[in-house]
Amino acid sequence: MKLKCRVLLFAIVSIFWGAVSAEAAPKNVVLFFVDDMGWTDLGCTGSDFYETPNIDALAKSGVRFTNGYAACTVCSPSRAALMTGQSPARLHVTDFIPGHSFINTQMTIPEWTKVLEKQHLTLPELLEQNGYTSVHLGKWHLAHRDGYATGKEDTADPEFYPQAHGFDINVGGCEKGAPPSYFWPYGKGENLTEMKANSIYETLPKNNRTEEQREGEYLTDRLASEAEILIDQLAEAKQPFFMNFSFYNVHTPLMGRPDLVKKYQAKLTEDPARKHTNVRYAAMVESVDEAVGRIVKKLQQHNLWDDTLVIFTSDNGGLEGATDNAPLRQGKGGIYEGGVRVPLIVRLPGEGKVGELCHHPAITMDIVPTIYDVLGITLPLEIAAVQDGVSLLPYLKEPQSPPVRDDLFWHYPHYHSMGAQPYSAIRSGNWKLIEVFGHKELQLYDLESDIHEDNNLVNAEQDKVDELYAKLVAWRESVGAQLPKRNPHFAPEQPTGLKRNGKLRKAAPIRE
C-alpha cells in the first residue's frame, strides 16, 4: 500500500536523524481540532443535550481548561496560529480565507495575508527534523480560495496544502473551509461527476470500496477510518508521529448522520426544555465524539495510549443559531467571549494530572510550545523569538500552579457578517479591555462577575483602562499588527453590506 510504504520510509529516515534517544520511548501527539465548537458544547462543559461520552472521558483522564481560548473569532487565523505558535496579528493572517468583502464601511481593512506563507517554520516541519512523521486529516483552510469572491468554485492550490508545510500525509486538507456536503462524495452538482469535482474528494485516498458501498458515507466517519488505518501503519513502523485530526464538523452546512438526527429528535421530544435544542447540530457533535473514541481505542489497541499526548480544542466559538453559547455573549465572528472562548482538554500521560480543572487562561498559540516542551525539543533561537504562546506543561503537572503569563491578546481588523467590527482586545487577570476601531469609547469588563460582558466599567475604572490600553498598543506594535484606517468614502446614509459578484448581497448585522 502506498501510504504504508511512505510510513516505512520515514521510519528509516528517522534513524539518520537520530533525534529519538534509545533510553526513552518516543512520545506521540494527537491533536483534535474541532471547527466552530462552542465553549459549552460538551457534556463536561455544560451541555444538557449533546452527548459526548468519549470526550468527557478524555477530560477525566487529563486536565480541562475552563478558560481556554481560540486565537481568533474565525477559523483560518487560529489554524495558522496552531501551526506556527505565532499570533494571527504577527502572521498577518487575520481573517478566514479569503474573508468577507464588505462595502461602505466606516473603516478600511488592511491588505492582509490570505495564505499561510512558507517562510514560517511549522510544527510538523520542526517535528520532521526530530524524527517524526506528521499526518493531517480534515480541514486545512490555509491555502488560497480564489473562487469565493467571484462566486465560482474555489480554485485548488495544492502548493499551499498541508504537505507543503511539513505534513508527510494529507487526507482531506485543502483550501475549502467547509464541505459542500458531509455525505459522499462531499460535493454538490447535478450528477456524480460534478459532485466529485471538489478538493476534499480529490485529497482522500482511493481504495477498494465501490461507489455503491460508499453511498451515505459520512465525512467525519471516513476521516476517522483513515486515521485508524494510519495509526495501524505507524504503530507497525514503530514511528513517532504527530496526528492533526482537524474536523470539518461542526461547521455548516448542518448535516448530521440520519441515525443520530433521529436519536436527538426523539430526545428533544421527550424533554424540549433544554439549553441546546438543534438536533442536526447535536448529531454532528456526537459524530465528533465517536471519532475521538475510535482514535483513543485504536491507540489503546497498539499500546500507544500511555505514550501519546492528546489535545482537544476548537478554532473559534460556536456559531449563533447553530448552538447556544450562553452564558457567553455572541459567538463565532463576534467580538465578545462567545467568539473566542472554547473547550480545551489536554491529556499528558505519566506525570500529568488526571481529572482536574485548570482555571488559568490558555490560547491556541500555547499548543506549539507545549508540544515541544513535552517532547523535549528545543526551538531554534530565531523561532523561539517569534513564539507568542507559552508552554502549558506546568499546568498539566499542577493545574493550580502560579500563572505562566500575564495577558492574552486578540486582533481582528475586519468586519464579519456575524457581528464583529475591527477590534483588538486584551485579557489581563479577570479584566478584559476591547477597542473597536472607529469608536471613541473603549469597553472594559470584569469577567469574574460579568462573563456576559454587559457592564462596561470604562468610566469607573480609568486607571485600569489606561494600564490595559497601554499594554494593548505596545503588543500591537511588538507583533507588527496591521491596523484598519478610516474610510474617506464612507457614506453613513448608504447601506453597508457584503459584496459578491459586484452586488450587495445583504446588509451586515453589525452590532454594538
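Not measured: the values here are computed from a predicted model.
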Any ion pair linking [Y] and [X] (charged N to carboxylate O, less than 4.0 Å)?
X	Y	result
R64	E356	no
R329	E337	no
D407	K471	yes
R79	D35	yes
R405	D366	yes
R294	E228	yes

When you check the side-chain N and O atoms of [X] and [Y], is any donor under 3.5 Å from an acceptor?
X	Y	result
S417	H100	yes
S199	E175	yes
S287	N249	no
E125	T122	yes
D41	Y281	yes

Give, for atom [atom1] of [X] and atom [atom2] of [Y], the distance between the pair rounded to the nearest 0.5 Å.
X	Y	atom1	atom2	value
H359	T66	NE2	OG1	5.0 Å
C44	K60	SG	NZ	9.0 Å
D373	I371	CG	CD1	11.0 Å
Y415	F102	OH	CZ	9.0 Å
L58	D289	CG	CG	10.0 Å
F437	Y423	CZ	OH	10.5 Å

Flag the pair [X] / [Y] as yes when at least one side-chain heavy-atom distance between them is below 4.5 Å, and no otherwise.
X	Y	answer
T40	N325	no
K118	H165	yes
L396	K353	no
Y50	E286	no
D168	Q163	no
F33	D315	yes
V34	T313	no
V296	N54	no

[X]/[Y] aromatic ring centres below 6.0 Å:
X	Y	result
H251	F247	no
W140	F160	no
F167	Y161	no

Requested in this report: Apply salt bridge (Lys or Arg N to Asp or Glu O under 4.0 Å) to D48 and list each qualifying residue two or more places apart in sequence or on a separate chain.
Outcome: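 Expected list: none.
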Using a 3.5 Å distance criterion without hydrogens, assess whether the side chain of [X] forms a donor-acceptor pair with backbone atoms of [Y].
X	Y	answer
T84	A80	yes
T364	A71	yes
H120	Q86	no
T323	G318	no
S314	M37	yes
H360	S401	yes
N130	L126	yes
H416	M418	yes
D450	D454	yes
T370	L392	yes

**Report entry** For E435, the option from H411, R476, Q443 that meets side-chain hydrogen bond (donor to acceptor under 3.5 Å, both in side chains)
**Finding:**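 Only match with E435 under side-chain hydrogen bond (donor to acceptor under 3.5 Å, both in side chains): R476.
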Report task. Look at the aromatic rings of F96 and H141 and report parallel, tilted or perpendicular, splitting at 30° and 60°. Result ->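 F96 and H141: tilted rings.
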Query raised in the report: Under 30°, 30 to 60°, or over 60°: which ring-plane class applies to Y336 and Y445, parallel, tilted or perpendicular?
Result: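 Rings of Y336 and Y445: perpendicular, as their planes differ by over 60°.
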Query raised in the report: Between T73 and W410, does a side chain to side chain contact (heavy atoms under 4.5 Å, CB included) hold up when you go through it step by step?
Result: CA-CA 9 Å; T73 188; W410 294 269; over 6 Å; no
Which atom pair, heavy atoms only, marks the closest approach of [X] to [Y]?
X	Y	result
V171	I169	CG2-CG2, 4.1 Å
V63	C358	CG1-CB, 3.7 Å
T52	G43	OG1-N, 2.8 Å
Q387	P369	OE1-CD, 3.9 Å
G131	Q239	O-NE2, 2.8 Å
H276	S47	ND1-OG, 2.9 Å

Query raised in the report: Taking N244 as the fixed residue, which of L137, L82, V135, V29 is the one that meets the side-chain contact (heavy atoms from CB on, under 4.5 Å) rule?
Result: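 The residue from L137, L82, V135, V29 that satisfies side-chain contact (heavy atoms from CB on, under 4.5 Å) with N244 turns out to be L82.
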**Report entry** Full working for side chain to side chain contact (heavy atoms under 4.5 Å, CB included) between Y469 and I426
**Finding:** CA-CA 8 Å; Y469 187 65; I426 174 177; over 6 Å; no
Query raised in the report: Among R427, K432, R341, whose salt bridge (charged side-chain N to carboxylate O under 4.0 Å, His left out) with E453 holds?
Result: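 The salt bridge (charged side-chain N to carboxylate O under 4.0 Å, His left out) with E453 is passed solely by K432 among R427, K432, R341.
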Report task. Is it possible for you to check whether K275 lies under 6.0 Å from the centre of the six-membered ring of F49, through NZ or CZ, and within 45° of that ring's axis? Result ->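 Verdict for F49: no cation-pi partner in K275.
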Requested in this report: Tell me whether the guanidinium CZ or amine NZ of K297 lies under 6.0 angstrom from the six-membered ring centre of W305 and within 45° of its axis.
Outcome: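 Not satisfied by the 6.0 Å and 45° rule.
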Report task. Check step by step if side chain to side chain contact (heavy atoms under 4.5 Å, CB included) holds for F245 and L223. Result -> CA-CA 8 Å; F245 197 126; L223 292 174; 3.8 Å; yes
Query - Non-neighbouring partners of H414 that pass ring pair (Phe, Tyr, Trp, His ring centres under 6.0 Å), sequence neighbours left out - result: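 H414 satisfies ring pair (Phe, Tyr, Trp, His ring centres under 6.0 Å) with W112, Y412 only.
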Query raised in the report: Is the number of heavy atoms from other residues, nucleotides or ligands within 6.0 Å of CD (E382) greater than 12?
Result: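 Enclosed: over 12 neighbouring heavy atoms sit under 6.0 Å from CD of E382.
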Query - Worked verdict on V342 versus W39 for side chain to side chain contact (heavy atoms under 4.5 Å, CB included) - result: CA-CA 4 Å; V342 295; W39 187 52; 5.8 Å; no
